[in-house]
Amino acid sequence: MTDTPQPTESRDLDDLTRIIHLGLTVFGVLALLTGLWAGDYKRAHHWGFSVHKWLGLTLAFFLTWRIWHGLYGPPEARFSQWAPITPERLRMAGEDCLNLLRLRLPDRPTHQGLAGMVQAFGLAVFAWMALTGSLMALFLTPGRKAGGLVHAVKEMHESGLWFVVAFLAVHAGAVLLHALSGDHRWRKTFFLEK
């Protein structure tokens, strides 16, 4: 028998959790968009790189806050609600996938089933991007081409782009499906509803 915590039934998240999610959303999208211009780090004037770096570091701050909140925050925001991956949690995610194939949206508490798997994937991807981006912010010298270990870290950072895009597509798609079905939880993220 395992000591896996039972999921909380609450669908509402506290204001701090929503602020952290909003910060991850805003700075994640802005860092993604400005990453398209970050290749100018090789030039003496590197506005694209500088803007991307500061937005990325702000995203890393929100990600670190989310990790702390996931360890010590309220029960509905804790990682123990959706990690570690157990056979029971995999079964719930499988049921959710089957329901989607039957054109029915999963109806579970926050971060349970497929939603928990998607969120775990997203946090892992953003942690990868924050780590590699922070290393580049520390060790990349603007005005020069990256070489050696810094070049390898830059390549690892750039390879994460497609995982970020995949996560955002799945997450935004789920939000859209829920909104079309009448579940407007997204409004709470932007503090448009209590």
Side-chain angles (χ1 to χ4, degrees), residues 13 17-42 46-67 69-70 77 79 82-83 85 89-90 93-94 96-97 99-101 103 105-106 110-138 140 142 146 150-181 183-190:
L13 297 174
T17 302
R18 294 182 337 174
I19 288 169
I20 294 169
H21 185 268
L22 182 61
L24 289 170
T25 302
V26 169
F27 289 102
V29 170
L30 290 175
L32 176 66
L33 294 175
T34 58
L36 301 172
W37 299 290
D40 71 348
Y41 72 89
K42 299 173 209 148
H46 46 272
W47 291 102
F49 173 75
S50 295
V51 169
H52 177 68
K53 176 177 86 171
W54 288 108
L55 289 170
L57 288 172
T58 305
L59 175 62
F61 164 77
F62 276 98
L63 181 69
T64 303
W65 196 6
R66 176 62 183 103
I67 291 169
H69 200 60
F79 299 141
W82 40 287
I85 296 172
R89 290 178 177 157
L90 286 174
D96 291 348
C97 290
N99 281 334
L100 285 173
L101 290 173
L103 302 177
L105 288 176
T110 305
H111 298 133
Q112 294 299 305
L114 184 58
M117 297 292 176
V118 170
Q119 296 308 314
F121 173 73
L123 282 175
V125 167
F126 279 107
W128 174 264
M129 297 302 279
L131 176 64
T132 56
S134 295
L135 288 172
M136 285 190 342
L138 289 171
L140 188 115
V150 174
H151 177 73
V153 170
K154 181 182 85 65
E155 292 298 320
M156 290 188 291
H157 185 73
E158 289 174 355
S159 70
L161 166 71
W162 299 108
F163 292 108
V164 170
V165 170
F167 166 73
L168 291 176
V170 169
H171 191 51
V175 169
L176 180 63
L177 285 175
H178 279 277
L180 290 173
S181 73
D183 181 354
H184 297 286
R185 269 183 250 187
W186 67 271
R187 296 176 61 86
K188 290 183 178 183
T189 297
F190 295 99

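Values reported hereafter were calculated over all heavy atoms of this structure, with side chains retained and with hydrogens, waters and symmetry mates removed. Positions are given from 1, in the same order as the sequence printed here.
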### Message
With side-chain contact (heavy atoms from CB on, under 4.5 Å) as the criterion, how do L32 and V165 come out once you've worked through the C-alpha distance, each side chain's angles and the decisive distance to 0.1 Å?
### Response
CA-CA 8 Å; L32 176 66; V165 170; 4.3 Å; yes
### Query
Within a radius of less than 6.0 Å around CZ of F163, do more than 12 heavy atoms belonging to other residues, nucleotides or ligands occur?
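No, CZ of F163 has 12 or fewer neighbouring heavy atoms, counting only those of other groups under 6.0 Å.
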### Query
Heavy-atom count around W128 CH2 within 6.0 Å, excluding the residue itself: above 12?
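No.
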Give me the atom names and distance for the closest heavy-atom approach of [X] to [Y].
{"X": "A60", "Y": "S134", "answer": "CB-OG, 4.1 Å"}
{"X": "V125", "Y": "G160", "answer": "CG1-O, 4.4 Å"}
{"X": "F49", "Y": "P142", "answer": "CE2-CG, 3.7 Å"}
{"X": "A146", "Y": "V150", "answer": "CB-CG1, 4.0 Å"}
{"X": "T17", "Y": "A77", "answer": "OG1-CB, 3.7 Å"}

To the nearest 0.5 Å, how far apart are [atom1] in [X] and [atom2] in [Y]?
{"X": "T25", "Y": "I20", "atom1": "OG1", "atom2": "CD1", "answer": "11.5 Å"}
{"X": "L59", "Y": "L30", "atom1": "CG", "atom2": "CG", "answer": "9.5 Å"}
{"X": "D96", "Y": "L105", "atom1": "CG", "atom2": "CG", "answer": "10.0 Å"}
{"X": "F27", "Y": "F61", "atom1": "CZ", "atom2": "CZ", "answer": "10.0 Å"}
{"X": "L57", "Y": "F62", "atom1": "CG", "atom2": "CZ", "answer": "13.0 Å"}
{"X": "H69", "Y": "F79", "atom1": "NE2", "atom2": "CZ", "answer": "9.5 Å"}

### Task
Decide yes or no for L114 and N99: does some side-chain heavy atom of the first lie under 4.5 Å from some side-chain heavy atom of the second?
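SC-SC contact between L114 and N99 ruled out.
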### Query
Mind checking whether M117 and L90 have side chains closer than 4.5 Å, heavy atoms only?
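Yes, at least one pair of side-chain atoms sits under 4.5 Å.
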### Query
Taking only residues two or more places apart in sequence or in another chain, which ones pass side-chain hydrogen bond (donor to acceptor under 3.5 Å, both in side chains) with H171?
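side-chain hydrogen bond (donor to acceptor under 3.5 Å, both in side chains) check on H171 returns Q119.
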### Message
W37 vs V51, test: side-chain contact (heavy atoms from CB on, under 4.5 Å). Steps then yes/no.
### Response
CA-CA 9 Å; W37 299 290; V51 169; over 6 Å; no
Would you confirm whether [X], through its side chain, and [Y], through its main-chain N or O, come within 3.5 Å as a donor-acceptor pair?
{"X": "S181", "Y": "H178", "answer": "yes"}
{"X": "H52", "Y": "A38", "answer": "no"}
{"X": "H46", "Y": "D40", "answer": "no"}
{"X": "S159", "Y": "M156", "answer": "yes"}

### Message
If we check side chain to side chain donor-acceptor pair (under 3.5 Å) with T132, which of these qualifies: K154, E155, H157?
### Response
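It is H157; the other options fail the test.
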### Message
Please evaluate residues F126 and L24 with respect to the criterion side-chain contact (heavy atoms from CB on, under 4.5 Å), reporting the C-alpha separation (whole Å), side-chain torsions for both, the decisive distance (0.1 Å), and the verdict.
### Response
CA-CA 9 Å; F126 279 107; L24 289 170; 5.8 Å; no
